[in-house]
Structure formats: structure tokens, C-alpha cells
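In each ligand, atom 1 is the first atom listed, and ligand 1 is the first ligand listed. None of these values were measured; they are calculated from a predicted model. Side-chain atoms are counted along with the backbone in the values below, which use heavy atoms only and exclude waters and symmetry mates.
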Amino acid sequence: MNPRIHPDTVLITGASSGIGAMYARRLAAQGHDLILVARQQNKLDALATDLQQHHAVRVEVMPADLTLPDDRSRIEQRLRGDDAINMLINNAGMSVSGGNAQADPDTVEAMIALNVTAPTRLVRAMLPRLLSQARGTIVNVSSVLALAPERFGGSYAATKSYLLSFSQALQREVAGHGVRIQVVLPGVVRTDIWERAGSSLDRFPADMVMEVDELVDAALAGLNQGELVTIPSLPDLGEWDAINEARRALLPKLSLRHAAERYRSDISEDA
Ligand SMILES: NC(=O)c1ccc[n+]([C@@H]2O[C@H](COP(=O)([O-])OP(=O)(O)OC[C@H]3O[C@@H](n4cnc5c(N)ncnc54)[C@H](OP(=O)(O)O)[C@@H]3O)[C@@H](O)[C@H]2O)c1
């Protein structure tokens with residue numbers, strides 16, 4: 001009997017529905033063993049049973065509320081110590097309805113804990129092991145709102161900008177060390193996140209809404225193609241490259257000994 005070749009075990013956060021559940025389906029079909037994390041154990045169990053029935057993979061569930069330090073730390077410990085886990089999909093996320101003057105501050109704090117603190121801590125737990133093994137993959141699920149904060153009130157977009165910025169810093173840190181970091185920027189995707197935040201997908205024209213299987217397939221294709229930043233809807237990746245080139249051109253000018261001329265004339269007039 002041939003021994004089964006074990007591809008990397010993948011830990012997926014937010015695997016009980018939407019994008020995370022679709023990642024689980026696609027990665028199980030590729031033969032990956034999985035660890036599924038989310039709060040709703042019944043949904044995780046049902047998905048695990050289904051995947052194990054259809055694919056020769058092991059699927060473990062780890063129910064956890066990633067806004068709670070004790071729960072989060074159980075996942076961190078597992079990522080730190082389990083050499084079989086070589087891929088992390090930081091997907092769990094939530095949105096909050098209402099602008100910065102209206103949104104419930106405790107819910108906003110929970111969103112920051114889930115969208116910002118949790119992925120940061122999970123990466124911190126796992127990255128030293130990946131670097132020492134010189135292999136592994138981390139996928140951070142951000143949003144196109146990272147590039148368009150003015151399109152959506154409140155602070156959700158800012159949490160997704162953090163994930164983009166965090167991923168870009170990580171990419172620089174791991175370059176040449178055998179570890180891949182991909183950040184995915186979905187547009188509007190048909191999942192429960194909208195209803196959960198008290199919103200509705202009906203507010204968008206149908207041609208702005210991507211189905212979840214297409215989104216995940218595109219994200220995985222981007223990963224296979226070695227993309228660092230995957231924007232599944234964007235037809236011409238050259239437009240993203242142009243923004244980055246313009247941004248890089250600013251870098252030598254952003255920290256100088258003296259204020260720019262336009263401010264110095266004001267300062268000398270007032271003096
Ligand atoms: N759908 C979109 O239009 C869209 C666009 C851009 C980016 N995104 C991003 O895509 C990611 C996935 O969202 P989705 O659209 O698939 O939404 P979703 O269907 O609502 O899924 C969110 C997942 O996160 C889990 N989750 C929520 N709160 C949690 C907590 N406190 N602790 C642990 N897990 C928690 C949920 O499971 P439990 O309830 O079982 O905990 C669920 O599995 C998010 O990061 C989201 O910001 C979505």
C-alpha cells in the first residue's frame with residue numbers, strides 16, 4: 001500500500017461559513033488536512049463530517065471566539081507548537097453597521113480584536129516556526145475597502161487597511177526565507193457577513209457581487225501564481241502596480257530634516 005502523501009495541514013479561521021468554509025472545501029479537495037476555527041461548533045462539525053466523507057483528509061475542529069484572549073491563546077499555542085501546520089488562512093472577520101459617530105463602541109472593539117488583533121497574534125505565534133523551517137504560507141483576507149475607505153462608513157475599512165499594510169510589512173520581512181504571505185482583497189462577496197452586520201447585499205447592483213466559490217478559486221489561483229496581493233475583481237493588475245510605483249516614488253521624500261517650502265513661508269511670516 002502506498003503511504004498517503006500529506007500536503008501541509010491548513011488552519012482556517014472563520015471556517016464555519018462563507019469564504020472560510022469555501023477555502024476548507026477547496027483545500028480538502030486538494031488533499032490538505034484541516035483545522036477549522038470559528039465559534040459555532042455545530043457548523044464546524046457538520047463541515048468536517050462532510051469533508052471527511054468526500055475526501056481522504058483529516059479535519060479537526062477547534063471552536064474558539066477569537067475576540068477572547070483565552071480562546072485565542074489556545075489557537076496561538078497550537079500554531080506555535082504543531083509542526084504539521086504550514087499554512088494559516090486568517091479569514092475570520094466581522095463588520096459593524098453605522099458610522100464612527102453611531103456604531104456601538106463595544107462592537108467596534110470586538111471587530112478590532114477579531115479583524116486586527118487576532119490575525120496579528122496568530123501570525124506572531126506561527127511565523128518563527130515557519131521561518132526556522134524555511135517554508136509555509138500565510139493568507140490574510142483583507143478587502144478592497146483597504147483601498148477605498150471613503151466608500152464605507154465606520155472603521156471596518158480601517159481594519160482591512162491594517163491587514164494590507166501588515167501583510168506588506170510581513171512580505172518584506174520574510175522575503176528570501178521560503179515563507180509566502182498573500183493578502184487577498186475581495187470586493188463584495190455573497191456571504192452572511194452583510195446580514196450579520198445588519199446590512200443587505202440588495203444595496204449593490206448584481207454585477208458588483210461575486211459568488212464565494214469564484215472568489216476563493218481566484219484567490220487560490222493568485223496564490224499558485226505567486227501573487228503577493230490578489231485583487232480577484234481587478235481586470236488589469238498593472239493598475240495596482242502603478243499605484244505601488246507612485247507610492248514608492250514618494251518614499252525618499254516622506255521624512256526630511258525640514259518642512260516643505262509651502263509651510264516654511266507661513267512659519268517665517270508668523271514669526
Ligand atoms: N463577504 C464580503 O463581501 C467580503 C468582502 C471583503 C472581505 N471580506 C472578508 O472575508 C472574511 C470572511 O467573511 P465572510 O464574508 O465569509 O463572512 P461570514 O460568512 O460572516 O464569515 C465570517 C466567519 O468568521 C467567523 N467569526 C465571526 N466572529 C468570530 C469570532 N469572534 N471568533 C471566531 N470566528 C468568528 C464566523 O463564524 P462563527 O460565527 O461560527 O464564529 C464565520 O465563520 C472576513 O474577514 C471579511 O472581512 C468579506
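- Side-chain contact of Thr67 with Asp65: a donor-acceptor pair under 3.5 Å is present, judged by distance alone.
- Judged as a side-chain hydrogen bond (donor to acceptor under 3.5 Å, both in side chains), and not counting sequence neighbours, the contacts of Ser17 are Arg196.
- Donor-acceptor pairing under 3.5 Å is recorded for the side chains of Gln182 and Thr230.
- Around ligand 1, the residues contributing at least one heavy atom under 4.0 Å from the ligand are Gly14, Ala15, Ser16, Ser17, Gly18, Ile19, Ala38, Arg39, Gln40, Ala64, Asp65, Leu66, Thr67, Asn91, Ala92, Gly93, Leu114, Val141, Ser142, Ser143, Tyr156, Lys160, Pro186, Gly187, Val188, Val189, Thr191, Asp192, Ile193, Trp194, Arg196.
- Pairs of residues two or more places apart, or lying in two chains, never qualify as ring pair (Phe, Tyr, Trp, His ring centres under 6.0 Å) while including a residue from residues 104-150.
- Within the structure, the ring pair (Phe, Tyr, Trp, His ring centres under 6.0 Å) test picks out the following pairs touching residues 198-238 (sequence neighbours left out): Trp194-Phe204.
- In summary, the side chains of Asn140 and Ser167 do present a donor paired with an acceptor at a separation below 3.5 Å, with no hydrogens or angles considered.
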